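Step one of this worksheet: look at the structure below.
This chain uses plain numbering: 1 for the first residue, then up along the sequence. Computed from a prediction, not measured in an experiment: that's the story for all the values here.
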Amino acid sequence: MATYDLEQQEQLDQVKHLWKQYGNLVTWVLVLALGGYAAWTGYLYWQQKLSVGAGSLYEELDRAASAGEVDKAAKVFADLKDSYAGTTFAEQGALLVAKVEAGRQKPELARASLKWLVDNGKNKDLVAIGRLRLAGLLLDIKQHDEALKVLSAETPPAYAALVADRRGDILFAQGKKDEAVKAYKEAWKALPATVEYRRFVEGKLTAAGQAPEAPAVPATDVAAPAGMPPGLAPTN
């Protein structure tokens with residue numbers, strides 16, 4: 001019995017020694033782990049709450065926009081960007097309210113809404129759309145240099161053709177025909193042949209006296225006389 005008590009005491013002393021040596025470290029690890037879990041849980045709750053609040057305001061903005069209530073739409077958008085500036089809803093709201101403002105002959109408000117998106121947006125696609133629309137509104141009031149500056153920022157490759165086309169419009173308005181044609185050709189080449197907008201750009205080039213040349217027909221596509229292999233068909 002005494003031997004058992006001695007062994008038990010030795011084990012207890014070892015535990016005490018280990019705790020004295022590593023106890024604080026273990027405690028801090030547990031605190032950090034539990035704190036991290038609590039922070040992550042709180043972040044998810046905050047994100048969910050943020051999304052619900054922003055989504056609710058965006059729906060209100062959408063209703064005002066659909067009804068053409070530009071003043072109400074502007075007010076809701078102001079609340080949306082003030083309270084939920086970091087959300088996609090706010091960035092989408094900027095595009096929506098700008099559309100209503102421009103349609104209701106309030107281009108100065110539309111430019112301000114789009115400028116907010118361009119300066120504060122995080123979604124690269126939405127910011128690219130905002131840049132294109134803002135450049136168009138600046139073109140309307142003949143602020144050509146500012147419009148070109150707006151388009152000079154880096155945008156996703158998917159918008160390169162549209163940026164080139166809009167840049168061509170601005171350069172053409174400045175009387176820089178050769179530079180405009182170059183931009184239009186860049187846009188035309190970047191757009192797939194199946195995209196309807198490509199024909200619109202082609203119309204601009206035609207109007208400028210620079211209609212794109214039709215691609216040459218490969219020799220293998222020319223009908224060959226009977227008995228002659230397609231690859232040896234005459235090309236003239």
Within-4.5 Å side-chain heavy-atom neighbours: Lys204 and Asp169: yes
Of all heavy-atom pairs linking Trp116 and Ala85, the shortest is CH2-O, 4.0 Å
Val76 with Val70, same ILVMFWY side-chain cluster at under 4.5 Å: no
Would a single hydrophobic cluster contain both Leu109 and Leu114, if residues Ile, Leu, Val, Met, Phe, Trp and Tyr are joined by side-chain heavy-atom contacts under 4.5 Å? no
Could you give the distance from NZ (Lys81) to OG1 (Thr87), rounded to the nearest 0.5 Å? 13.0 Å
Nearest-0.5 Å distance that lies between atom CG in Asp165 and atom CD1 in Ile170: 10.0 Å
With the 4.5 Å side-chain cut-off for hydrophobic clustering, are Val163 and Val150 part of the same group? yes
Straight-line distance of Leu126 CG to Arg131 CZ, nearest 0.5 Å: 12.5 Å
Measure the shortest side-chain to side-chain distance between Leu148 and Leu171 over non-hydrogen atoms and say whether it is less than 4.5 angstrom. yes
Please find the pair of heavy atoms, one from Ala183 and one from Ala164, that lie closest to each other, and give the distance. CB-O, 3.4 Å
Answer whether the closest heavy-atom distance between the side chains of Lys72 and Glu60 falls below 4.5 Å. yes
Are side-chain heavy atoms of Glu179 and Gln174 found at a separation under 4.5 Å? no
Nearest heavy-atom contact between Ala90 and Tyr84 is CB-O, 3.3 Å
Spacing of NZ belonging to Lys189 relative to CZ belonging to Arg198, to within rounding of 0.5 Å: 10.5 Å
Ala190 versus Ala161, closest heavy-atom pair with distance: CB-CB, 3.7 Å
Fit a plane to each ring of Phe89 and Tyr58, take the angle between them on a 0 to 90° scale, and name the class: parallel (under 30°), tilted (30 to 60°) or perpendicular (over 60°). tilted
For Phe200, I'd like to know if atom CZ has over 12 heavy atoms of other residues, nucleotides or ligands within 6.0 Å. no
Quick one: CD on Glu91 to NZ on Lys124, what's the gap to the nearest 0.5 Å? 12.5 Å
Is Asp71 salt-bridged to Lys106, cutoff N-O under 4.0 Å? yes
Compare all side-chain heavy atoms of Leu95 with those of Gln92 and state whether any distance is below 4.5 angstrom. no
Ala73 to Leu61 - nearest heavy-atom pair and separation: O-CD1, 3.3 Å
For the pair Asp79 and Lys75, evaluate salt bridge (charged side-chain N to carboxylate O under 4.0 Å, His left out) and give the outcome as yes or no after the intermediate values. CA-CA 6 Å; Asp79 293 339; Lys75 182 179 182 304; 3.7 Å; yes
Heavy-atom pair of closest approach, residues Glu101 and Ala74: OE2-CB, 3.9 Å
Out of curiosity, does Leu117 fall in the hydrophobic cluster containing Leu139 (side-chain heavy atoms, cut-off under 4.5 Å, transitive links)? yes
d(Leu151 CG, Leu134 CG) to nearest 0.5 Å is 8.5 Å
Leu137 side chain reached by Arg133 side chain, heavy atoms, under 4.5 Å: no
Would you say the side chain of Arg111 lies within less than 4.5 Å of the side chain of Ile141, judging by non-hydrogen atoms? yes
Ion pair Lys182/Asp178, N-O distance below 4.0 Å: no
